[in-house]
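First the structure, in the form of structure tokens, and then the observations on it.
Since the structure is predicted, the reported quantities are computational estimates derived from the model, not experimental observations. Labels below follow one simple rule: chain letters A, B, ... track the order of the sequence lines, proteins then strands, and each chain is numbered from 1.
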There are 2 protein chains.
Amino acid sequence: MENNLLKLRQLMNEHRIDAYIVGTHDPHNTEYLSDYYKSREWITGFTGSQGIAIITQKDAFLWTDGRYFIQAEKQMRDRGFKLMKIGIPGYPDYKEWLVNNLDDYSVLGIWGAVFPYKEWIDIKNSLIDKNIIIKDDKDLIGILWDERPLLPQGKVFVLDVEYSGRSVEDKLLDIRKSMVAKKAEFLLVTTLDDVAWLYNIRGTDLPQSLSIFSYALITDESAYLYIDKSKIDDITISGLSKSGVEIRRYYSIFDDLIKIKNSSIWCDLNSLTLKMFNSIDDSNNYINEILPTTMFKAIKNEVEIAQQKKAYYEDGLAIVRTHHWLKSELVKGNTITEIDVENKLEEYRNMNSCYLGKSFDTISAYGPNAAMMHYRALEDDHSVIERKGFHLMDCGAQFPFGTTDTTRAIVVGDLTQEQKVAYTLALKGNINLSRAKFLKGTTGHSLDILARYYLWQNGIDYKSGTGHGIGFAMNVHEGPHRISPIPNSISMVPGMIVSNEPGVYITGDFGIRLENILVVEDFVSNEHGTFYKFDTLSYLPFEPEAILPELLSSDEIKWLNDYNAKVYDLYEKALSDEEKDWLAKATETI
Amino acid sequence: MENNLLKLRQLMNEHRIDAYIVGTHDPHNTEYLSDYYKSREWITGFTGSQGIAIITQKDAFLWTDGRYFIQAEKQMRDRGFKLMKIGIPGYPDYKEWLVNNLDDYSVLGIWGAVFPYKEWIDIKNSLIDKNIIIKDDKDLIGILWDERPLLPQGKVFVLDVEYSGRSVEDKLLDIRKSMVAKKAEFLLVTTLDDVAWLYNIRGTDLPQSLSIFSYALITDESAYLYIDKSKIDDITISGLSKSGVEIRRYYSIFDDLIKIKNSSIWCDLNSLTLKMFNSIDDSNNYINEILPTTMFKAIKNEVEIAQQKKAYYEDGLAIVRTHHWLKSELVKGNTITEIDVENKLEEYRNMNSCYLGKSFDTISAYGPNAAMMHYRALEDDHSVIERKGFHLMDCGAQFPFGTTDTTRAIVVGDLTQEQKVAYTLALKGNINLSRAKFLKGTTGHSLDILARYYLWQNGIDYKSGTGHGIGFAMNVHEGPHRISPIPNSISMVPGMIVSNEPGVYITGDFGIRLENILVVEDFVSNEHGTFYKFDTLSYLPFEPEAILPELLSSDEIKWLNDYNAKVYDLYEKALSDEEKDWLAKATETI
């Protein structure tokens, strides 16, 4: 296994590179990478979703965060890499390490086609006194990687206006209005979800997010879609053409960009690769603000919201059935593993012909495993579900009419008092946020504390944000808004969809996460201002067995009973009698 | 009255100034100005605490905000000034006005000795294309103002370590440690409260904030206090000298600054005047961060907190007596005005020999007047208190052992259901914030929503922050922390004192503000992190008559009954039987 590292060091010698950096990136700032881009995984053996490796002739390090310390150590055994624990005192961050360990005039190698421009600027600034030379076109892993997977050869499909709610023409009108307001002559779109939203297309290059590798470039008259032509059929091409969209070869974005001079280009420097940045001539000026596609995409139209409700119904039904199946199997005394639950969920989902696949890898985590926020049950490493405590299931689906993401801690046997307190406090936080009304201008940062309030009253916190945006038949994590203790200047406005997922994680013991999905809507306008509220999209039981009513206020009890009644009403007709009886109990009035 | 404006225009001609700006400033970025610095008031007639005037040969404008529109129009009658309403569509802001109305190469006059450096930079940048000439040493009002008040000739007094809790030597040690950490060779302190805190002195130049005009300059070896020597006695000078502090003439700060070259100077550019900024040689570099004096000052030590409790007790007693007096006078059928209440409060306060004066002008506001957040009853313009609705009193006192600030809406007769709902919702917000526990790192910005939550549920908002810091025997408004919807990056840490003042303001109808004062203290540290909570410093009744118990949770009712019981226990012994009977009723269990 260390062989790869040896070969890389040899290659670094040939290319006269003293230190080589391999991160977790693709050309589109995508969250979940296609196999082709898993270079860091290939060289380190570590499969986690976050990490950066630095290799010199003497050293080889991987930096990753607390979610992955155990997994990384295990997976990197015999790979020659040492783990650098992000956030743990005594470990320098990777830029610090470079500053302290690179000699003056060292040569640093990166692959600029995927390396983020912003990251590169930070590195450059950190090393400014060292006169480092950066070679930025070095895909050394690509040279060594014999059986490298191909780039995905997915296909495009179209979301008609009855699904998308707004035509490409109308979207282009909106975008061009924004461009005029910002005095932008060009709009450069490099993130896959923005391109997909703009042109009402989806694809199968990255099936979990229905993405297709592509770029867009917009002027006041033209709109280009850069894509491998083998991925798009003639009917789609001609449909787009009628909407004023011209198809160009995927890689020709670079040639086209180079030709633009003395113009103002709207682009998001936070998501550009170094190569893309370098393709923009210095004579241009940047409008470096959140893209209008990102803002418009986040604000769902009525058609999208109505369909999302359907998506939550369809996926909720499969999940409710899985809960019932799990519980009845356990009652029968059968041995059920975390993997069995995942598989059963897929079985129920696949009964629906519209189901397109998972929107992310299901987290099926029993007992102490659920205390690891990003746990994943593996074929060769998973747990059997016992008849006590909670089983946690965090899962999401893709439909042509929406994207889902929900979590429940499911009661699989006796609960301790501590577990009931924890569940009830997380539920109180969930209700507090769900019921919130808020003044126009309020950010998700301001709302975050509402979900934590009751946990904090008891000295409990969860080390994650409270909520993320969710795409429409698209990315399960979508910006620019979020509900988080990390400051964020984006106001929540009607049409924004956001998750509400407070939790309790007790290491080595149990994990609880109660995730509903909300959409912002109008509440009231008066002399005090304009106020918004949330509507709930997702319906899954909050089980009375896990709840201590004495910790709830009468308002909270009313909210809970109303919610659980809706859960029952929603799925009742589609369930068998046995399932129905179980659901009635799981949604009983308290 | 327009005569002054004529004279100013003549003088502008002589000085070849096309436009002259008069703001609301002194050399120390002080919130409440000494009379000597009320130049804007002298030329416009407008007495409000915020405003900026621009005079040309043709025009004369005053910009101020919504609090003051009516007052400004009234006071500026026959002065030749037109009102520019800040925040109202159709009115340009004053920089916009300058950009749109000044000709190229115009000459702009300001008085740099008081004009804020930051404001000047903004003006300069706005006008960059116009090649404007700025004459920055023009105190034109000073030339015209015949009967200009003298600069205050207050006296310094010392806060011994038994009051301040920390010696000057120890404070200098802390400050120098911070300077080493930031690699600062000089620390320049121009804000009066920072100087006063650092040297454990107070003064009577600005009696409401116990400030004395002064500057400080600190190096690793020296500590200078710049002050008019007539204000400080020999014992104080020798005491300070023993602590390593050297006294220098007030104005010599400028001569001393000019001598500093090639050094790093820690100063707060947000509070420097243009003149002060210009006194710093270009060869120096700035460390422009919150001053260590400001951070240390905000975190009260145990001695300060213990004394603040005493201050709130002493002032609370006078306020409770005033409440009782007001109510009993009304019952007797006597005519009582807002001014009478103010005077009675002072009468009760003056029974305490430690009382040094108000910490700000009392707001005594009946009925609809209380809907104006910054109302002030004037001798020739105030209301009689009727036997219905609320009378609002927002007041504060100075003692050598602390500074107070509290508000209650007092029930003076029958209440409408709307008034009771409003009072109860504001109270719920107050309780929600008071009871909050929060993770280390939480800012006042994050806490703000807790005080608004229940009001927002009912479509009500108040157009102010929720809380401000409060000085110790010092400014009633103190940073750097605040509880506000405006983002703020300062974390709340143990020792910080902050107000909690949600309210309801219905224009033309009534105003409610319920202001308590809190201090941050430790709660618990565990595997989830370190948590803080609040202790309450101020005790005044929340009157059961104004509260709808059916809107309160059982936790809130418990909090309220405990709080009101403490109010009674606290003052009982010091009250007459009649007062005691009334207080028992005003703090009755619900």
Quick check against the 3.5 Å criterion: does [X] have a side-chain atom that pairs as donor or acceptor with the backbone of [Y]?
| X | Y | value |
| --- | --- | --- |
| A:Tyr453 | B:Phe438 | no |
| A:Asn526 | B:Gly459 | yes |
| A:Gln457 | B:Arg435 | yes |

So which of [options] has the biggest tally of heavy-atom pairs under 4.5 Å with chain A?
| options | result |
| --- | --- |
| B:Ala436, B:Ser525, B:Pro485, B:Gly529 | B:Ala436 |
| B:Ile506, B:Leu450, B:Asn458 | B:Leu450 |
| B:Ser446, B:Ser553, B:Ser489 | B:Ser446 |

Spacing of [X] atom [atom1] and [Y] atom [atom2] [to the nearest 0.5 Å]:
| X | Y | atom1 | atom2 | value |
| --- | --- | --- | --- | --- |
| B:Ile449 | A:Asp448 | CD1 | CG | 10.0 Å |
| B:Leu551 | A:Asp555 | CG | CG | 9.0 Å |
| B:Asp461 | A:Lys437 | CG | NZ | 15.0 Å |

(request) Flag yes if more than 12 heavy atoms outside A:Ile70 fall under 6.0 Å of its CD1 atom; otherwise flag no. (result)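 Counting other residues, nucleotides and ligands, CD1 of A:Ile70 stays at 12 neighbours or fewer.
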(request) Check the surroundings of atom NZ in A:Lys440: do more than 12 heavy atoms from other residues, nucleotides or ligands lie under 6.0 Å from it? (result)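 No - once you tally the heavy atoms of other residues, nucleotides and ligands closer than 6.0 Å, there are 12 at most.
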(request) Test side-chain contact (heavy atoms from CB on, under 4.5 Å) on A:Thr442 and B:Arg452 and set out the steps. (result) CA-CA 12 Å; A:Thr442 301; B:Arg452 290 178 210 269; over 6 Å; no
Quick one: what part of [X] sits under 4.5 Å from any heavy atom of chain B, side chain, backbone, both or neither?
| X | answer |
| --- | --- |
| A:Asn432 | both |
| A:Lys463 | side chain |
| A:Tyr505 | backbone |

(request) Check each atom of B:Thr507 against the heavy atoms of chain A and say whether the ones under 4.5 Å are side chain, backbone, both or neither. (result)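 Contact with chain A involves no heavy atom of B:Thr507 at all.
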(request) Counting only heavy atoms closer than 4.5 Å, note whether B:Leu447 contacts chain A via side chain, backbone, both or neither. (result)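 Both the backbone and the side chain of B:Leu447 come within 4.5 Å of chain A.
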(message) side-chain contact (heavy atoms from CB on, under 4.5 Å), that's the test. Do A:Glu527 and B:Ile460 meet it? Break it down for me.
(response) CA-CA 9 Å; A:Glu527 76 266 36; B:Ile460 302 171; over 6 Å; no
(request) Among the options A:Tyr462, A:Phe523, A:Tyr454, pick out the one with the most heavy-atom pairs lying under 4.5 Å from chain B. (result)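 It is A:Phe523.
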(message) Tell me whether the rings of A:Phe531 and B:Trp456 are parallel (<30°), tilted (30 to 60°) or perpendicular (>60°).
(response)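 Judged by the thresholds at 30° and 60°, the geometry between A:Phe531 and B:Trp456 is perpendicular.
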